[in-house]
Amino acid sequence: MDVSLRIKRFDPETDRRPHWETYQVDVEPTDRVLDALHQVRWYQDGTLAFRRSCAHGVCGSDAMVINGQNRLACVLLVKDAGKSITVEPLRGLPVLK
């Protein structure tokens, strides 16, 4: 399944303000959004940073706004998020990287 990930990014060394970048990934419909984010970090952009700990929906460290709603990336399946997924930090928290 080809998915478009639109991710809010910020690098304080080069950016004046946060911006959006879009990445194309090929994932299975039953993969989690966290798996798609890993695909971007491991194979396309090693500068992508996000928090995650247990990856089992217990700790909540990978909470983020996904398609406009607060969600856990380790719980939400790609097939439920759709072919175009928008990811940003929780509102009220700064974009650090």
Side-chain angles (χ1 to χ4, degrees):
M1 177 177 185
D2 289 325
V3 173
S4 175
L5 281 175
R6 184 173 176 246
I7 303 173
K8 195 170 201 177
R9 303 291 311 271
F10 179 66
D11 181 351
E13 294 181 10
T14 60
D15 301 329
R16 293 185 71 163
R17 61 176 54 160
H19 64 278
W20 294 93
E21 290 189 27
T22 302
Y23 303 91
Q24 302 298 322
V25 293
D26 185 27
V27 292
E28 295 296 322
T30 54
D31 284 348
R32 301 160 301 163
V33 173
L34 181 63
D35 298 320
L37 291 169
H38 280 140
Q39 287 289 328
V40 171
R41 180 168 39 181
W42 293 338
Y43 301 110
Q44 295 183 34
D45 188 348
T47 67
L48 179 65
F50 52 89
R51 288 185 54 103
R52 77 149 201 83
S53 186
C54 74
H56 296 291
V58 176
C59 71
S61 69
D62 64 352
M64 51 189 74
V65 178
I66 302 173
N67 293 342
Q69 296 182 338
N70 293 348
R71 306 295 297 263
L72 293 177
C74 64
V75 174
L76 182 61
L77 298 179
V78 170
K79 68 179 180 178
D80 297 330
K83 290 189 173 202
S84 180
I85 303 171
T86 301
V87 177
E88 59 186 299
L90 293 174
R91 295 193 174 98
L93 297 177
V95 181
L96 299 177
K97 187 173 181 181

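We number each residue from 1, following the sequence as shown. In this text the structure is predicted, and so the values were computed from the model without any measurement.
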Which distance, rounded to the nearest 0.5 Å, do you find between the [atom1] of [X] and the [atom2] of [Y]?
X     : Y     : atom1 : atom2 : value
Gln39 : Leu34 : CD    : CG    : 11.0 Å
Leu90 : Ile66 : CG    : CD1   : 9.5 Å
Arg32 : Leu76 : CZ    : CG    : 11.0 Å
Met64 : Thr86 : CE    : OG1   : 13.0 Å
Asp15 : Glu13 : CG    : CD    : 10.0 Å

Any residue meeting side chain to side chain donor-acceptor pair (under 3.5 Å) with [X], in chain and number order, not counting sequence neighbours:
X     : result
Gln44 : none
Arg52 : His38
Asp45 : Arg9, Tyr23, Thr47
Ser4  : Gln24

- Query: Looking at residues at least two apart in the chain, or sitting in another chain, which of them share a salt bridge (charged side-chain N to carboxylate O under 4.0 Å, His left out) with Arg71?
  - Reply: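 Result, salt bridge (charged side-chain N to carboxylate O under 4.0 Å, His left out) vs Arg71: none returned.
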- Item | Criterion side-chain contact (heavy atoms from CB on, under 4.5 Å) against Leu5, the qualifying member of Thr22, Val27, Val25 |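 For Leu5, the side-chain contact (heavy atoms from CB on, under 4.5 Å) check succeeds only for Val25.
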- Message: Is there a side-chain contact between Ser84 and Arg6 in this structure, where contact means two heavy atoms from C-beta onward sitting under 4.5 Å apart?
- Response: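 They are not in side-chain contact.
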To check you understand the geometry: which heavy-atom pair defines the closest contact between [X] and [Y], and what is its length?
X     : Y     : value
Gly60 : Leu72 : CA-CD2, 3.7 Å
Arg17 : Phe10 : C-CD1, 3.6 Å
Cys59 : Ser53 : SG-CB, 3.5 Å
Val3  : Gly82 : CG1-O, 4.2 Å

- Message: Show every side chain to side chain donor-acceptor pair (under 3.5 Å) that has at least one partner inside residues 55-64, sequence neighbours left out.
- Response: none
- Message: Quick one: does any side-chain atom of Asn67 pair with a main-chain N or O of Ala81 as donor and acceptor, under 3.5 Å?
- Response: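 It does hold such a pair.
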Co-membership, hydrophobic cluster, residues [X] and [Y], 4.5 Å side-chain:
X     : Y     : result
Met1  : Tyr43 : no
Phe50 : Val40 : yes
Trp20 : Val33 : no

- In this structure, are over 12 heavy atoms from other groups packed under 6.0 Å from Arg41 atom CZ?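 For Arg41, atom CZ is crowded (more than 12 foreign heavy atoms under 6.0 Å).
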